[in-house]
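In what follows, a single structure is set out as structure tokens and then discussed.
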Amino acid sequence: MFVDEIKIYAKAGHGGKGCVAFHREAFVPKGGPSGGNGGRGGSVILQADHDLNNLIAQYYQPRLIAEEGNPGLGKGMDGHAGKDLVIKVPCGTLVWRLKDTTPAVETKQSDDDDDEISSDKPMFATSSGKRLLIHSSSGESAQEIDLSKEAAEETSSDDSEKGELVADLTKHGQQFILCKGGRGGLGNRNFATARRQTPRFAQPGEPGAEGEYLFELRIMAEIGLVGYPNAGKSTLLAAISKARPKIAPYPFTTLHPQIGIMEYADWKRLTVCDVPGLIEGAHQNVGLGHAFLRHIERCKILVLLLDMAGTDGRKPWDDYKQLLKELELYDPALVERPCLVVANKMDEAAAEKYLKQFKTKIKKVNVLPIAAAFDEGMEKFKQMVRKAVEDASEV
């Protein structure tokens with residue numbers, strides 16, 4: 001099963017709460033507070049991996065939840081941090097933050113009260129900034145700050161249906177922190193002062209970030225095979241690589257993109273992406289539509305494969321014009337990509353006649369004749385493709 005788009009829910013670990021404890025030891029009177037800090041929560045981290053080619057792992061595990069931090073202990077011992085959850089995704093994965101559709105909850109406290117709290121309440125300086133003191137002893141009120149609301153206000157929203165694009169993982173080993181773990185609370189030893197030598201309160205841990213995201217895969221390949229159904233794309237992919245896609249004498253045998261590795265004698269390797277057949281109106285999501293057109297957006301060169309024998313009753317020059325039209329209507333930048341026109345099925349009787357007519361009707365376009373089913377012209381095809389990729393990489 002090929003999965004190139006999946007919706008997931010991610011949640012980082014909650015920070016551990018601080019500890020309220022006092023030092024107890026013989027011959028040490030009034031040992032003082034010794035509560036340790038809570039450990040930070042684990043983060044959800046995405047890592048690009050070139051050994052993967054789809055999002056099947058996230059299909060079976062759509063909830064990504066990291067570990068929570070351990071609470072602090074006595075004797076000044078800090079709690080263990082939660083383990084980070086590292087999720088491997090294929091190179092070319094785009095991460096979209098989905099819009100939050102839950103209704104906002106009205107708070108009883110007014111903005112004026114918030115200003116008074118932020119200005120009157122004492123702040124404790126730490127190495128990472130200042131934190132609000134959380135009191136739990138009698139006679140003092142507790143106040144908990146929800147940092148997720150502040151983060152939501154700073155986050156800019158995107159007008160697109162997918163939400164906001166937050167990451168594009170294209171290189172092997174590239175990492176992105178999807179949800180950051182919450183900080184652990186401070187123990188009571190951090191609040192001891194000359195005036196308050198026995199603080200009986202500590203900070204709770206902060207919640208980790210969470211949200212719903214959409215993972216979208218756009219395959220990273222140097223070469224993209226584009227053509228009408230039953231033009232021989234799967235046959236060509238099987239001839240130039242060790243990939244074994246489904247091959248049958250009827251249209252739409254390829255229902256999802258296929259990846260093949262084309263190898264050369266000097267250990268050079270090129271990735272080839274075979275997308276399902278293109279039909280008229282594909283830019284409007286007709287047929288398989290956008291399900292495969294987005295996979296050729298990252299290709300360095302495009303190979304337009306034409307059925308030069310016209311086995312399905314279509315003319316090769318009409319197919320060529322329609323392919324360019326659909327690519328331009330979907331994304332005008334695709335037409336400007338280096339393109340190699342390949343005439344397949346030259347072993348058929350009508351292929352030679354159609355090839356001559358094609359060169360007459362479509363001028364100033366170099367056409368490479370091949371017969372993928374019989375491995376004819378494969379070496380020349382591989383050399384031309386390699387040269388085109390190298391020229392495109394230099395630009």
Side-chain angles (χ1 to χ4, degrees), residues 10-45 64-85 105 107-153 177 179-211:
K11 181 180 180 181
H14 197 289
K17 61 182 180 179
C19 176
V20 178
F22 296 91
H23 186 66
R24 305 294 183 183
E25 186 179 353
F27 311 108
V28 184
K30 299 181 180 179
S34 62
N37 304 330
R40 65 165 180 82
S43 301
V44 180
I45 303 176
L64 310 178
I65 301 177
E67 290 184 358
E68 297 184 353
N70 293 340
L73 304 175
K75 297 183 181 180
M77 293 185 293
D78 296 341
H80 286 286
K83 186 178 180 181
D84 293 336
L85 180 62
V105 179
T107 57
K108 297 180 181 180
Q109 198 172 26
S110 62
D111 297 338
D112 297 336
D113 296 338
D114 294 340
D115 298 337
E116 294 178 0
I117 291 174
S118 60
S119 59
D120 298 340
K121 292 295 183 179
M123 304 294 290
F124 180 75
T126 63
S127 59
S128 59
K130 292 185 177 181
R131 297 192 186 186
L132 181 66
L133 294 185
I134 308 301
H135 302 285
S136 61
S137 60
S138 60
E140 297 185 5
S141 61
Q143 177 66 29
E144 184 174 356
I145 303 300
D146 188 3
L147 299 180
S148 62
K149 295 181 180 179
E150 299 179 2
E153 293 175 359
I177 300 178
C179 294
K180 188 176 181 179
R183 294 187 299 180
L186 298 178
N188 68 333
R189 62 175 178 168
N190 297 279
F191 306 113
T193 62
R195 179 184 175 187
R196 184 179 52 234
Q197 298 182 5
T198 57
R200 299 180 181 275
F201 55 86
Q203 278 187 327
E206 297 177 356
E210 62 178 316

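- Applying the side chain to side chain contact (heavy atoms under 4.5 Å, CB included) rule to C19 yields the partners A21; only residues at least two apart in sequence or on another chain are considered.
- Under the 3.5 Å distance criterion, the side-chain polar atoms of S43 are matched with a main-chain donor or acceptor of G181.
- Across H14, Q203, E206, a single residue satisfies side-chain contact (heavy atoms from CB on, under 4.5 Å) together with R183, and that is E206.
- Judged as a side chain to side chain contact (heavy atoms under 4.5 Å, CB included), and not counting sequence neighbours, the contacts of A10 are I8, V44, L64, L178, C179, Y213.
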Please report, to 0.1 Å, the donor-acceptor pairs under 3.5 Å made by any side chain of residues 67-76, with sequence neighbours excluded.
residue	atom	partner	partner atom	Å
E67	OE1	K83	N	3.2

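- Without hydrogens or angle criteria, N188 side chain to G35 main chain gives a donor-acceptor distance under 3.5 Å.
- Applying the side-chain hydrogen bond (donor to acceptor under 3.5 Å, both in side chains) test to every pair with at least one member in residues 30-39, sequence neighbours left out, gives these pairs: N37-N190.
- Comment: R40 does not engage D78 in a salt bridge, judged by the lack of any side-chain N to carboxylate O separation of less than 4.0 angstrom.
- Smallest separation of non-hydrogen atoms from P33 and Q197: CD-O, 3.4 Å.
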Ignoring hydrogens and angles, write down the donor-acceptor pairs under 3.5 Å from the side chains of residues 22-29, residues two or more places apart or on other chains.
residue	atom	partner	partner atom	Å
H23	NE2	E25	OE1	2.8

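- Listed here is the closest heavy atom pair of A202 and F191: CA-CE1, 4.1 Å.
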